[in-house]
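Data first, discussion second: the structure below is written as structure tokens.
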Amino acid sequence: MQNIIELKNISVFQQRNKVFKDFSLSLKKGQNTVILGPNGAGKTTLLKLLNRELYIVANEKSSIKIFGKDRWNVHELRAHLGVVSHHLQSNYSNSALGLYVVLSGFYASDGIWQHQKFDKEQLELAYQTMNLLGIEGLQSRQFSTMSTGEQRKFLLARALVHNPEVLVLDEPTSGLDLRACFQYLEIIQDLMSRGKNVILVTHHVHEIPPEINRVILLKECQVVGDGDKAKILTSKTLSSLFDRSINIVGQNGYYQALPG
């Protein structure tokens, strides 16, 4: 089974702060995975490595490979890896119209620009993706006038226009009310049922759909747990992860964390 990403003995700095030191991890294609951990665990740094926003410290013992390659053109990578992050949503152009948000995925840009051209096939893909997510009626709305849930769906459509092999979702239901949260999780489940590989990055247990089968626990920039969901998502492991007593309750494949 091919690895989506393979990290070996890497070190990574954010400005002057060393985040990862001699860190290793591999994420396999075809294995829906959640990376779970508290704030400051290194989740955002890992996400930026996947998205090629950060680079590792050059070292003969260190390596990073994405889909088996150590070098990527960022625009080519978007056709394999679709990323929807809180950072992207917070910093996306408020004036962009819904359709333009989706089309911007072809150039990995913030909105679209005069020099960017779109052919009939790309336009058709944009409309198909909006129809799939039920947001075609909002295509003429400005991004700033949309609800948080609507914005999240348009950014998901932006990632999906390439039909990427893998979707990386960063805290996908953060800021959503219960109705929007359940709707968004249903969309993610539907995409996985269609064969889309999902990597979920979060600190919220309730965001983990039943179709996720591998759980990686990240704490203080180290992997402290890795394995099958039923074995890893326990009251004992989550209490240790978050440094407080937690009870885990499961129902219909979903989990919820309660105070211990």
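Under a 3.5 Å cut-off, the side chain of Asn51 and the backbone N or O of Glu53 do not form any donor-acceptor pair. Remark: side-chain polar atoms of Ser90 are not paired, donor with acceptor, to backbone N or O of His87 under 3.5 angstrom. The main-chain N or O of Thr234 is found under 3.5 Å from a side-chain atom of Thr237 such that the two form a donor-acceptor pair. Lys229 contributes a side-chain N or O that, together with a main-chain N or O of Ile212, makes up a donor-acceptor pair within less than 3.5 Å. A donor-acceptor contact shorter than 3.5 Å is absent between the side chain of Asn197 and the backbone of Glu165. When atom types are taken as modelled, the side chain of Asp177 and the backbone of Arg179 share a donor-acceptor pair closer than 3.5 angstrom. Not a single donor-acceptor pair under 3.5 Å links the side chain of Arg214 to the backbone N or O of Gln31. Under a 3.5 Å cut-off, the side chain of Lys219 and the backbone N or O of Ser240 do form a donor-acceptor pair. Asn17 places no side-chain N or O within donor-acceptor distance of the main-chain N or O of Val19, the cut-off being under 3.5 Å. Checking side-chain atoms of Glu150 against main-chain N and O of Ser147 turns up a donor-acceptor pair under 3.5 Å.
Grouping the Ile, Leu, Val, Met, Phe, Trp and Tyr side chains by contacts below 4.5 angstrom, directly or via other members, places Leu167 apart from Val201. Cluster annotation: Ile208 and Ile188 are assigned to the same hydrophobic cluster (Ile/Leu/Val/Met/Phe/Trp/Tyr, side-chain heavy-atom contacts under 4.5 Å, transitive). Connection of Val84 to Met130 is established within a shared hydrophobic cluster, with ILVMFWY side chains joined at heavy-atom distances below 4.5 Å, either directly or through further cluster members. Cluster annotation: Met192 and Val168 are assigned to distinct hydrophobic clusters (Ile/Leu/Val/Met/Phe/Trp/Tyr, side-chain heavy-atom contacts under 4.5 Å, transitive). Note on Ile4 and Leu191: separate hydrophobic clusters, where clusters join Ile, Leu, Val, Met, Phe, Trp and Tyr whose side-chain heavy atoms are under 4.5 Å apart, directly or indirectly.
Salt-bridge annotation for Glu6 and Lys8: present, with a side-chain N of the basic residue lying under 4.0 Å from a carboxylate O of the acidic one. Salt-bridge formation is not detected for the pair Lys196/Asp190: no Lys NZ or Arg NE/NH1/NH2 atom is positioned less than 4.0 Å from an Asp or Glu carboxylate oxygen.
Between Asn9 and Phe23 there is no side-chain heavy-atom pair separated by less than 4.5 Å. Residues Leu125 and Phe106 meet the side-chain proximity criterion, which asks for heavy atoms closer than 4.5 Å. Within the 4.5 Å cutoff, the side chain of Ile232 has no heavy atoms near those of the Asp226 side chain. Residues Leu25 and Ile216 have side chains in contact (heavy-atom distance under 4.5 Å, counting atoms from C-beta outward). Val12 places none of its side-chain heavy atoms less than 4.5 Å from the side chain of Lys18. Within the 4.5 Å cutoff, side-chain heavy atoms of Ser239 are placed close to those of Ile246. Looking only at side-chain heavy atoms (C-beta outward), Lys120 and Leu123 stay at 4.5 Å or farther from each other. Using a 4.5 Å cut-off on side-chain heavy atoms (C-beta onward), Tyr127 and Leu99 make contact.
Note: Tyr92 and Phe143 meet the aromatic proximity criterion, with ring centroids under 6.0 Å apart. Separation of the Phe118 and Tyr107 ring centroids falls under the 6.0 Å cut-off.
Within a 6.0 Å radius of NZ in Lys65, no more than 12 heavy atoms belonging to other residues, nucleotides or ligands are found. A 6.0 Å sphere centred on OH of Tyr100 holds no more than 12 heavy atoms belonging to other residues, nucleotides or ligands. Within 6.0 Å of the NZ atom in Lys69, the count of heavy atoms belonging to other residues, nucleotides or ligands exceeds 12.
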Steps toward side-chain hydrogen bond (donor to acceptor under 3.5 Å, both in side chains) verdict (Thr202, Glu207): CA-CA 8 Å; Thr202 187; Glu207 288 187 326; 2.4 Å; yes
side-chain hydrogen bond (donor to acceptor under 3.5 Å, both in side chains) evaluation trace for Ser104 with Arg158: CA-CA 7 Å; Ser104 71; Arg158 177 183 182 270; 3.0 Å; yes
Worked verdict on Phe20 versus Cys221 for side-chain contact (heavy atoms from CB on, under 4.5 Å): CA-CA 6 Å; Phe20 289 131; Cys221 303; 3.7 Å; yes
Residues Asp110, Asn91; criterion side-chain hydrogen bond (donor to acceptor under 3.5 Å, both in side chains); working and verdict: CA-CA 9 Å; Asp110 180 352; Asn91 293 278; over 6 Å; no
Verdict with reasoning, Leu200 to Thr33, per side-chain contact (heavy atoms from CB on, under 4.5 Å): CA-CA 6 Å; Leu200 182 65; Thr33 302; over 6 Å; no
Check against side-chain contact (heavy atoms from CB on, under 4.5 Å), Asn131 and Gln128: CA-CA 5 Å; Asn131 286 334; Gln128 287 176 2; 5.5 Å; no
Full working for side-chain contact (heavy atoms from CB on, under 4.5 Å) between Ser26 and Asn3: CA-CA 6 Å; Ser26 63; Asn3 285 332; 4.0 Å; yes
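From Asp119, atom CG reaches atom CD of Gln122 across 4.0 Å, with rounding to the nearest 0.5 Å. Rounding to the nearest 0.5 angstrom, the gap separating the OG1 atom in Thr129 from the NZ atom in Lys153 is 14.5 Å. Annotation: the span from Gln183 atom CD to Leu133 atom CG amounts to 11.5 Å, rounded to 0.5 Å.
Between His206 and His204, the ring planes lie tilted relative to each other; the angle falls in the 30° to 60° range.
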Side-chain donor-acceptor pairs under 3.5 Å in residues 34-50, sequence neighbours left out?
residue : atom : partner : partner atom : Å
Asn39   : OD1  : His203  : ND1          : 3.4
Lys43   : NZ   : Gly37   : O            : 2.8
Lys43   : NZ   : Pro38   : O            : 2.9

Distance-only donor-acceptor pairs under 3.5 Å for side chains of residues 247-260, two or more places apart:
residue : atom : partner : partner atom : Å
Tyr254  : OH   : Gln189  : OE1          : 2.7

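Applying the ring-ring contact (aromatic ring centres under 6.0 Å, His included) rule to pairs touching residues 45-70 yields Phe67-His80, sequence neighbours excluded.
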